[in-house]
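Worksheet for the structure shown next.
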Amino acid sequence: MAKDRFIPRPATDADGEPFADAEAAWFWYVQCRLAQLDGARVGARAGAVARPCEPLDVLAVVDRLYRRRRLVREHLHVLADYGRRLLPPDPDSRRERRAAQLWGEALGELTPALRAKGIVA
């Protein structure tokens, strides 16, 4: 007897509205992850605005960039820390200058990768 196979939808589905930039996609991922930790069920088309990806698709791109050494551990720490705050680091603040530089580098790597997947416009 043949079993039904699960075939995932590609991340480039035209069903959702892409993010304006990688920063918006990252903040969306962080909010989804925090909601999941609180017990919510999160999906690409479950919110007020349908998105062209699942939250883990954004994380998969970050993971791929890290494994290819395009992002380093410092980038991940800054993304996580400021992602939880839902606020990018302030480049004018002396205390956050290094974090702002790392944030910019990380988003610079994320943008073309997310754009190639149709996640960012």
Using side-chain heavy atoms (C-beta onward) and a distance below 4.5 Å, is [X] in contact with [Y]?
| X | Y | answer |
| --- | --- | --- |
| C53 | V58 | yes |
| R97 | P91 | no |
| L65 | V61 | yes |

query = Does R98 have any side-chain hydrogen bond (donor to acceptor under 3.5 Å, both in side chains) partners at least two apart in sequence or in another chain, and if so, which?
reply = E74, Q101
remark   = Those residues at least two apart in sequence (or on a different chain) that pass side-chain hydrogen bond (donor to acceptor under 3.5 Å, both in side chains) with D90 are none
ask   = Can you list every pair that meets side chain to side chain donor-acceptor pair (under 3.5 Å) and has a residue in residues 59-70, with sequence neighbours left out?
value = D63-R67, R70-E109
Ignoring hydrogens and angles, write down the donor-acceptor pairs under 3.5 Å from the side chains of residues 77-86, residues two or more places apart or on other chains.
{"from": "D81", "atom 1": "OD2", "to": "R85", "atom 2": "NH2", "distance (Å)": "3.1"}

query = Which atom names give the shortest non-hydrogen contact between G118 and P52, and what distance separates them?
reply = O-CG, 3.4 Å
query = Looking only at heavy atoms, what is the nearest atom pair of L110 and A22, with distance?
reply = CB-CB, 4.1 Å
key: Worked verdict on W26 versus V62 for side chain to side chain contact (heavy atoms under 4.5 Å, CB included)   = CA-CA 10 Å; W26 180 252; V62 171; 3.7 Å; yes
request  = With sequence neighbours excluded, tell me which residues meet side chain to side chain contact (heavy atoms under 4.5 Å, CB included) with A24.
outcome  = F19, D21
key: Trace of the side chain to side chain donor-acceptor pair (under 3.5 Å) decision for W103 with E96   = CA-CA 10 Å; W103 179 264; E96 296 182 3; over 6 Å; no
inquiry  = Hydrophobic cluster membership, with links at side-chain heavy-atom distances under 4.5 Å among I/L/V/M/F/W/Y: are F27 and L34 in one?
reply    = yes
request  = Rounded to the nearest 0.5 Å, what's the gap from CD on E23 to CG on L107? Could you check?
outcome  = 6.0 Å
task = Nearest 0.5 Å please: distance from the NE2 atom of H75 over to the CD atom of E105.
result = 4.0 Å
